[in-house]
Amino acid sequence: MDNKPEGYYYVPQPIRNDGAGGVDKGPRDIMRDLENPDLLVPPITDAGLLPNLKFSFSDTHMTLNNGGWSREITVRDLPIATTLAGVNMSLTPGGVRELHWHQQAEWSYMLLGHARITAVDQNGHNFIADVGPGDLWYFPPGIPHSIQGLKDGCEFLLVFDDGHFSDLNTLSISDWFAHTPKDVLSSNFGVPMSAFNHLPKEQVYIYQDKVPGPIETQQVQSPYGKVPQTFKHSLLAQTPIKTPGGSVRIVDSTNFPISKAIAAALVEIEPGAMRELHWHPNNDEWQYYLQGTGRMTVFAGNGTARTFDYRAGDVGYVPFANGHYIENTGTETLWFLEIFKSDRFQDVSLNQWMALTPSELVKSNLQVGPELLNALRKEKWPVVKYPGFSYYPR
């Protein structure tokens, strides 16, 4: 590249090393092809038909409000993703995601900045907490809550346990007030109807307010006390499972008891390393890529496999029990979330399965010898890296 003339850039062509394919001379989006090399030139091992397993938040509609913005990926964008839907949201300093509740469970990962969250459960227990990068929150279905950006603002990922969910179709306090007769509001609260003369005429959703004071000045004492199970969890503070090539932090109902509908893992993959060949025996996998670039091949049985490339801001999806891996194809560390509609995180390691099966059976099934059989591991390594056997970008 150093000897190329100024302004030169590489134009990929749909030609594989075995000679299959040919030059594309027609109209095309070259930048898109550069981002998706394994769609333009699929590995020779790809075969059959699998639905699309990738969608980028950059290709979604942005909802803009004074106080922040939001965008979402649901089955309308990624039809295969029926179990979970995702919302990427940002709030300005003081920006508020108004008082609201959902028919679905809400799980969130803080990407940057800081926010204050509040909630009240069905027994009158209340909850007020500040969250920062790497923190989670979880609100069960029907639990009313709010989110507000602190002095540095914030951005976060929201995940809901229904692929058909839309954050623009939730149950909001302003929307309910706007569609309730004032005499009913007067009777309910015991105040004159004039108290409601300035209500918003429709759902507020996100609005700009002043930055709230220190959390100790915002505490409200409930006569029933605080929630019995915290709605907040500090995922980055967890001790990770470290293996050669990266790490994994798992969060589910075993260490975040309130999270009964969503389980997740935060995965770190170093350059040259990969999330090992595996599958999940409990549900589909919804992924969110935080940093770096990677690729994933999904194996669906009956000779069907397809490869996709991912980068920060992309959502990936793996149908229930389909075999797959995620390989770091870049020069920086790859970080992503694996998320499941389940109370427990579960995965099955191909390597461990083979190691704990009689070697004679594995040998006769795959026609392999001691070179592979003696290298199998009985302990699970979610992320692997072997010097001399690792992928590095060309």
Query raised in the report: When hydrophobic residues are tied together by side-chain contacts of less than 4.5 Å, even through go-betweens, does Ile117 share a cluster with Ile128?
Result: no
**Report entry** Same apolar cluster (I L V M F W Y, side chains within < 4.5 Å links), Leu157/Ile250
**Finding:** yes
Report, as yes or no, whether the 6.0 Å neighbourhood of atom [atom1] on [X] holds more than 12 heavy atoms from other residues, nucleotides or ligands.
X	atom1	value
Phe320	CZ	yes
Gln103	CD	no
Glu371	CD	no
Leu49	CG	no
Asn197	CG	yes
Asn123	CG	yes
Asn255	CG	yes

Check the side chains of [Y] and [X] for a donor-acceptor pair under 3.5 angstrom, ignoring hydrogens and angles.
X	Y	value
Glu155	Asn88	yes
Tyr310	Ser56	no
Arg344	Ser342	no
Ser253	Ser259	no
Asn282	Lys341	no
Asp152	His114	yes
Asn351	Ser349	no

Report task. Apply the side-chain hydrogen bond (donor to acceptor under 3.5 Å, both in side chains) test between His324 and each candidate in Glu285, Glu276, Gln287; give the one that qualifies. Result -> Glu285
Non-hydrogen side-chain atoms of [X] and [Y] separated by less than 4.5 Å:
X	Y	result
Ile73	Thr60	yes
Thr92	Trp69	no
Glu202	Ser174	no
Gln122	Ile143	yes
Leu84	Tyr317	no
Arg306	Leu53	no
Val298	Leu50	yes
Glu35	Asp309	no

Report summary line: Between the CE atom in Met193 and the OG atom in Ser186, the distance rounded to the nearest 0.5 Å is 6.0 Å
Report summary line: Between the OG atom in Ser247 and the CG atom in Leu266, the distance rounded to the nearest 0.5 Å is 7.0 Å
Report task. Identify whether the distance between the nearest side-chain nitrogen and carboxylate oxygen of Arg275 and Glu338 falls below 4.0 Å. Result -> yes
Query raised in the report: So, are Asp38 and Arg295 salt-bridged, with charged N and O less than 4.0 Å apart?
Result: yes
Query - Sequence neighbours excluded - salt bridge (charged side-chain N to carboxylate O under 4.0 Å, His left out) pairs with any residue from residues 157-183 - result: Arg97-Asp167
**Report entry** Qualifying salt bridge (charged side-chain N to carboxylate O under 4.0 Å, His left out) pairs, either residue in residues 107-130, two or more places apart
**Finding:** Arg116-Asp130
Angle class for the [X]/[Y] ring planes (parallel below 30°, perpendicular above 60°, tilted otherwise)?
X	Y	result
Trp286	Tyr288	parallel
Phe345	Phe340	perpendicular
His102	His100	perpendicular
Phe160	Phe165	parallel

Query - Residue pair Ala195 / Val191: nearest heavy atoms and the distance that separates them - result: CB-CG2, 3.9 Å
Query - Name of the residue among Trp137, Phe139, Phe256, Trp107 meeting ring pair (Phe, Tyr, Trp, His ring centres under 6.0 Å) with Phe231 - result: Phe139
Query raised in the report: With sequence neighbours excluded, what pairs up with Asp24 under the salt bridge (Lys or Arg N to Asp or Glu O under 4.0 Å) test?
Result: Arg28
